Structures are given as C-alpha cells and as structure tokens.
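Read the numbers this way: they start at 1 and go in the same order the structure lists the ligands and their atoms. Note that the coordinates shown come from a computational prediction; the quantities given were computed from them, not determined experimentally. Because only heavy atoms are used, hydrogens play no part in the values below, and waters and symmetry mates are left out as well, while side chains stay in. Positions are given from 1, in the same order as the sequence printed here.
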Amino acid sequence: MQLPEGELYFNVLQVVYYGWELLKFIMSKTFLRPKASSTKITNWVDSSFDDFSETTSISTITATSLGVNNSSLRRKKVPSTVESSKFPARKRGNLSSSKQIYGLENSKEYLSENEPWVDKYKPETQHELAVHKKKIEEVETWLKAEVLERQHKQGGSILLITGPPGCGKTTTIKILSKEHGIQVQEWINPVLPQFQKDDFKEIFNPESSFHVFPYQSQIAVFKEFLLRATKYNKLQMLGDDLRTDKKIILVEDLPNQFYRDSHTLHEVLRKYVQIGRCPLIFIISDSLSGGNNQRLLFPKEIQEECAISNISFNPVAPTIMMKFLNRIVTKEANKDGGKIVVPDKTSLELLCQGCSGDIRSAINSLQFSSSTGKNNLWPRKKRMSSLKSDAVLSKSKGRQKPDRIFENQEVQAIGGKDVSLFLFRALGKILYCKRASVTELGSPRLPSHLSEYERDTLLVQPEEVVEMSHMPGELFNLYLHQNYIDFFTEVDDLVRASEFLSFADILSGDWNTRSLLREYSTSIATRGVIHSNKARGFAHCQGGGSSFRPLHKPQWFLINKKYRENCLAAKALFSDFCLPALCLQTQLLPYLALLTIPMRNQAQISFIQDIGRLPLKRHFGRLKMEALTDREHGMTDLDSGDEAQLSGGQPAEEALGERTQTAEPETWSLPLSQDSGSELPASQPQPFAAQRDMEEEDIIIEDYESDET
Ligand SMILES: Nc1ncnc2c1ncn2[C@@H]1O[C@H](COP(=O)(O)OP(=O)(O)OP(=O)(O)O)[C@@H](O)[C@H]1O
C-alpha cells in the first residue's frame, strides 16, 4: 500500500517530534537531576535499582570511610565494592526507610566484617611494612636527597622501582611520602578519556550541526599530565595537607602505547629530565614469565643517559610474611565470636611459600581460606581450633617429617601462585643438588653390582626447577654448561657430566626433532650433571664443600657471534673457492695456512693467520666472564638472532648462507677478533701474536700480485 506524499511527510515529522520529546525527557532525567545534589551521586541509580540500595550505601561508606582522595583507590578498592555486591539475596528487597537506616548500620558492621584484610591491616607506618629495612632506607635516602634536600634547580630526577607484584613497592612510597610530608601526584591511565559524560549534551544539541568526538591519545594526555603535575600544585582534597610544596609524581600504570613503542617513552623521559621540576617515580612490576618490561621500557642506555636511579625490591621473605600473617590471624581469632577458622602453622607456611613473596595475595588467600562455612578451604587434616603457641611451634621446628621433606610437593589449597624461580636460584638448585639420606627416607637401595650409581635421594625435581625458571630448556642448558665445572672436584666426574651435556646438546641440536626432544634434553643435562657429581651424591658429604661460588652468564652468545662473523668474512674473502663457510674455516684455511701460497691482499693474509692456525704453543686465556646476579632472567642475545636458534629457528649455517648471498663482499670488514677493540681478547689468535709465532716458525705468506689487481 502506498501512502500519499503529504501523509508520509506528516508521519515523518510526527516521528521526529516524538523522538525529540522523548530525548528531552531522558536528558532531563539523567543529566539535570544529579546537579541538584551533587553529593548524592548514587541517587539516580537508587530509583532504577532498588535491590542495590544497600550495596550503594556500602560503596558510599567504603569511599568516605577510607578517605578517597586519591584516584589509585579507584583501582585498588574494587574488591570492596565487588564484595559488597555479593550481599545475600534475601537481605535485599524493598526496605522501608527505617529498615534502610538499620541496613546502613548493619552494612557498616558487614563492611568491617567483610572488609578485605589487605585494607583492614594495611600498614600505617614504615615499621609495619613487610619490606626489608634496608630497602626502606634506600628509598628514604633517595627521597631525602631528591625531594627534601633538593635545591630549586631545573631538571627532574627519576627513580625506577622494580620488583615482583605485591611486595609493597607502592605502599612503601606512599607511607614514606606521608611520613615526610611529601605530596604524591599519581598518574592513573584514564578510563575512556575520549568520551566524557558531558559530551552527550553536545552530541544531542540540536543547534550544533557538527558533532565531533573529542579525542586525545593516551600518550598526549600523559605528557600533559606530566607537564601540569610538575608545574602546578595539586588541588586540595579532604584530608590533604598542602602546607608543604614538596611533591613527587608517581607513575605505576604506564599508557599501553609505551609498551608497543618504547622510544616515545624515552623521548618523554629525556624531556622530563630537562624541564621537570619535581622527582618522578616509576613503579614497574616484574612479570612472572620473565618478559621483562623494565628492560623494554628502561634499557640501560636510557637509565644512564637520564641518570635514572633504580631500586629493586625483593619478594617478601617467607619469615616476614609469616610474622604478618600470624599477627592478622591472631587478631581475627581474638575478635568476639572468633568467626574464622584458624589455620595451623603448616598451612600458613604453605601459604607463605605458595604466594611467591606477594603479601597482597597471601593476605587475600588467608582471608578467603579462613572464612567459616562452606567456603573454608584449609585441608581438613590441618584445621585447628586455635593457633599453637610459639613455644610449641619452635619445638617442632627441628624435626622435619619425611613427607614434608620434598620441596614443592604440597599444593596450596587456594591462592597459590605459579612459583617462579630466578635463574640464579634455579641454577643453584641443580648445581648444589640437595639430597636426603636414603635410610632416612626408607628408599630402596640399588643392587650391589650397581653400587657405583648409588646416590642419596634428590630433594629437587630438576624438570620442575627448569620449568619454574620460565626459560627454554636449551637456554637453561647453556647456563648450566657455563657454570658446572666449578662444582666438580674429580676430573672423571667432570668427564661424565660433559658427556651428558654433549648428548643433551645433540638432542636439541636437530631442528627437526628439537620441539619433541627438548624436554628430554633438559632432563639429561640437569640430571646428568647432578648424577655425575659423586662428591655431592650423598647427604652427609654435602655440607662442607658447599661454599658460595659466583655464577656467570654463558659465553656462548659472544663466541657464536664471533663464529658467524668469521663465517661471513671467510665467505666474502675467499668467495673464489665456492665453499661453504664451515668448510672454508675447518679445511681450506688451515690448509692454506700451512702452505706458502701467495695471497691476493692483506685482509686474506690476516684472516688466514687469525683463523687458519691454531698453534699449540699459544696459551689461550679465558674470556672475561660476566657475573649472573640473583635477580636476572635468562636472556638471549637478541641482536644476534640467537633466540631464533635457541627456539627452533634455522641452524646458523643455513641462515648464514642466505645472508651472505645478499651481502656485499666489499662491505665486510675484518672479523672482530682482528679489530683493535676486540671483544675476544685472549680466546683467538691476535694478529700481532700470530705474526710473532709465524716468525718463529718461519712461515711466510706472501702478497700475490695478480694481474687483476
Ligand atoms: N605489612 C604490609 N606491608 C606491605 N603491604 C601490606 C602489608 N600488609 C598489607 N599490605 C597490603 O599489601 C598490598 C601491597 O601492595 P602494593 O601495591 O604496595 O604492592 P606493589 O609491590 O606495588 O605491587 P603492584 O605493583 O602489584 O601493585 C597493599 O594493599 C597493602 O595495603
């Protein structure tokens, strides 16, 4: 059916008119009402969501009682409001006004009962911090030097605080700032900065014909924040003491874009160092997987260039954690009613171990597992009605039950984090390989003809250790290979260990089977090294010789880099022979070095002297070794492409083949070992030394004046 044109036009007008009326109505309901009383922000929600009346009052209390004057609470208090929304359904419903008041009081009680313990027992002074005293002192000294005693000079100092999550980095900064009367201006990534509530008005404004969504990139907003924060004082909020003009800028949440393009951050840092007027503190948490944000965002060069100080926090030590958890449990148990199920010492110890030094996670797990009723998740046998006294606990300390003797055997009931080990500790576990006596554990013994292989029972599972180090097995093997020698006393044991390592290397050497055999390769390397070391084979002989030995990073990366450079140089210099690089270096060049064949140019002569000869007379020193520190993650040399090799990429030879084809022979300089600034000072023949040896042996490699040159 077709409508006449006039009628259609009228209908359209009607729809537009009613639409506009409806819009005005909605806008009057939503935007105008809250203006009347800006303090009751929750009012407009109440009418629509009666069920949540109690919930909203709880959140209001949460906000006021905790003195929200800092945007960080937006993020960190989330659990309180989330928790409050779990209010039992039967307690909801339509309440009369008197009931609502009653509900409010109740909710206060409810809140105090259900307030997260991390907030309830949050430290107020530096003495209550579960952070090592020295670390607190370190931060305090920096604050004193850069904030309190700082003269008014142009240029902002920067501090980078790193450490695992939940170890108290932020809390330390905030408490110390409070104690020294320093204001903290904190950057929090804005939520939807491009679309504010008021923008609606503009969008629906009939007079404005052109609707533009205001947009600013997060980085632009961040830069603006830094500029303003460093220039102006912050607005006074309730409870803020603005008598002091000392302040710091705290950045914990970096805009995501910086992770994709760290150069932008570096530019910001460079500029801030010049124009900043107050110290800037970054807090970066280490990630479990070893993906190191610190290395990406604050590489060493930038730290040096911008004189960034770095303070690295450790995970909270289990003993300190235990002290705080005990304190919380005792307080809660002593409260009227004692509504919690008090865990025993073993469960607490397990919890301390399982939270990887994260006090926030430990306290949350403690609260969750100690709640009464169905939620209680302590292992049944471990529930106790009261805490053992310290005396009883310390008595039982000495005796270790056999079933607790294995590390990581028990699994925490809840809240257990993936345990991670820093490489330093992981290597230590393999190299020091703790054992318990077979008789103590009642383990079966080997028959007499195999007595040579008899060892006490290992207390570590090597495969688990490697897994917890969060690095590829081949890379772990490299670190093991670099460090195992110092832990051996018998040369025969050393030979056996090196055989195991070679075998492991073969297993992971073939790209075709590498992914399948990787785990076996790690197993063979770790267990091989452990088993070969007879001197550490028994529990009774471990104590004496286990003095500390420094660990080092593998030299393999550097040597492999040299090898590849030599391959490229060999191919470029001796391209006439049309031989692969390996063949050139292992067959042709040594052969040429023995002959007195005239060469075409000096580069060839030097290269042959350098690579083609391995005089036995010369004493080869060891490379300068780089120590492995206790907080480092295993790293591959990213520039050299070794990661590709380690993670199943092309074998070096093939990759090289491709690269040499595209490379311009003229552009290849001499291998690094022949440069004056050589990084391999003693491992390879030096030109001068080589020359001297040659003179001794009276071998002369002549310049060859060919017709072409
Ligand atoms: N004794 C204590 N020492 C430190 N923090 C404590 C203590 N007791 C409870 N807490 C709580 O533990 C939490 C520690 O978190 P904090 O934000 O300081 O850690 P963080 O190292 O900055 O980690 P992230 O980077 O993950 O935020 C805080 O909520 C704090 O209130």
Side-chain angles (χ1 to χ4, degrees), residues 62 65-68 70-83 115-140 143 159-179 184 186-189 248 250-254 259 281-289 291-294 297-298 310-332 348 351-352 355-368 370 415 417-418 420 631:
T62 318
S65 67
L66 296 169
V68 177
N70 193 321
S71 48
S72 70
L73 290 169
R74 261 190 295 158
R75 183 166 41 97
K76 297 205 171 171
K77 299 293 174 205
V78 167
S80 349
T81 35
V82 170
E83 185 127 321
E115 190 185 353
W117 289 356
V118 268
D119 297 336
K120 201 167 162 185
Y121 297 103
K122 73 173 180 204
E124 299 292 342
T125 64
Q126 58 169 294
H127 305 290
E128 294 171 24
L129 279 169
V131 178
H132 200 282
K133 263 188 195 157
K134 284 207 171 140
K135 226 22 96 176
I136 301 176
E137 270 170 28
E138 227 178 297
V139 179
E140 197 170 22
L143 284 177
L159 171 66
L160 171 66
I161 298 185
T162 51
C167 67
K169 303 182 289 291
T170 317
T171 316
T172 306
I173 279 289
K174 288 193 174 162
I175 285 181
L176 289 178
S177 308
K178 203 170 116 194
E179 287 186 357
V184 180
E186 190 174 354
W187 160 262
I188 301 290
N189 277 334
I248 51 170
L250 183 63
V251 180
E252 204 174 346
D253 272 353
L254 274 166
Y259 291 88
I281 299 181
F282 288 93
I283 296 183
I284 305 279
S285 283
D286 301 338
S287 73
L288 189 70
S289 59
N292 206 334
N293 288 334
Q294 184 197 340
L297 298 170
F298 298 91
N310 187 357
I311 298 179
S312 161
F313 277 52
N314 292 323
V316 179
T319 42
I320 302 182
M321 183 94 76
M322 190 72 180
K323 198 173 89 186
F324 282 95
L325 295 192
N326 256 325
R327 198 177 290 170
I328 293 175
V329 168
T330 316
K331 276 190 189 164
E332 284 293 322
L348 278 185
L351 201 150
C352 292
C355 65
S356 303
D358 178 344
I359 193 160
R360 185 173 40 220
S361 149
I363 298 177
N364 282 336
S365 306
L366 180 71
Q367 179 175 17
F368 191 52
S370 303
K417 294 176 97 180
D418 273 359
S420 71
R631 304 287 310 281

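- Contacts with ligand 1 closer than 4.0 Å are made by side-chain heavy atoms of Glu252 only, the backbone lying farther away.
- Atom NZ in Lys169 sits 7.0 Å away from atom CD1 in Ile283 (nearest 0.5 Å).
- Contacts with ligand 1 closer than 4.0 Å are made by backbone heavy atoms (N, CA, C, O) of Tyr121 only, the side chain lying farther away.
- In this structure, Glu137 does not pair ionically with Lys134, as no charged nitrogen and carboxylate oxygen lie closer than 4.0 Å.
- Residue Ala130 has at least one nitrogen or oxygen atom sitting less than 3.5 Å from a nitrogen or oxygen atom of ligand 1, judged on distance alone.
- Ligand 1 places these atoms under 4.0 Å from at least one heavy atom of Val118: 9 (C), 11 (C), 31 (O).
- Contacts of Thr170 with ligand 1, taken as heavy-atom pairs under 4.0 Å, involve both backbone and side chain.
- Remark: the backbone N or O of Ser312 is paired with a side-chain donor or acceptor of Lys135 at under 3.5 angstrom.
- Contacts of Cys167 with ligand 1, taken as heavy-atom pairs under 4.0 Å, involve both backbone and side chain.
- Contact check on Lys122 versus Glu115 returns no salt bridge, with no Lys/Arg side-chain nitrogen under 4.0 Å from an Asp/Glu carboxylate oxygen.
- Of the charged side-chain nitrogens involved, at least one lies within less than 4.0 Å of a carboxylate oxygen, so that Glu332 and Lys120 count as a salt-bridged pair.
- When only interatomic distances are considered, the shortest N/O to N/O separation between Lys122 and ligand 1 does not fall below 3.5 Å.
- Annotation for ligand 1: atoms under 4.0 Å from non-hydrogen atoms of Ser285 are 24 (P), 25 (O), 26 (O).
- By the 4.5 Å heavy-atom criterion applied to side chains, Tyr121 and Arg327 are not counted as neighbours.
- Of the listed residues (Leu129, Thr171, Ile161), the one carrying the non-hydrogen atom nearest atom 18 (O) of ligand 1 is Thr171.
- Side-chain atoms of Ile248 and Ile173, non-hydrogen and from C-beta on, do get closer than 4.5 Å to each other.
- Looking at heavy atoms from C-beta onward, Leu143 lies in side-chain contact with Ile281 at the 4.5 angstrom threshold.
- Residue contacts with ligand 1 leave out Gly163, since none of its heavy atoms falls under 4.0 Å from the ligand.
- Interface of Ile363 with ligand 1, defined as ligand atoms under 4.0 Å from a residue heavy atom, comprises 8 (N), 9 (C).
- Taking all heavy atoms of Gly166, Pro315, Pro123, Pro116 into account, the minimum distance to atom 6 (C) of ligand 1 is reached by Pro123.
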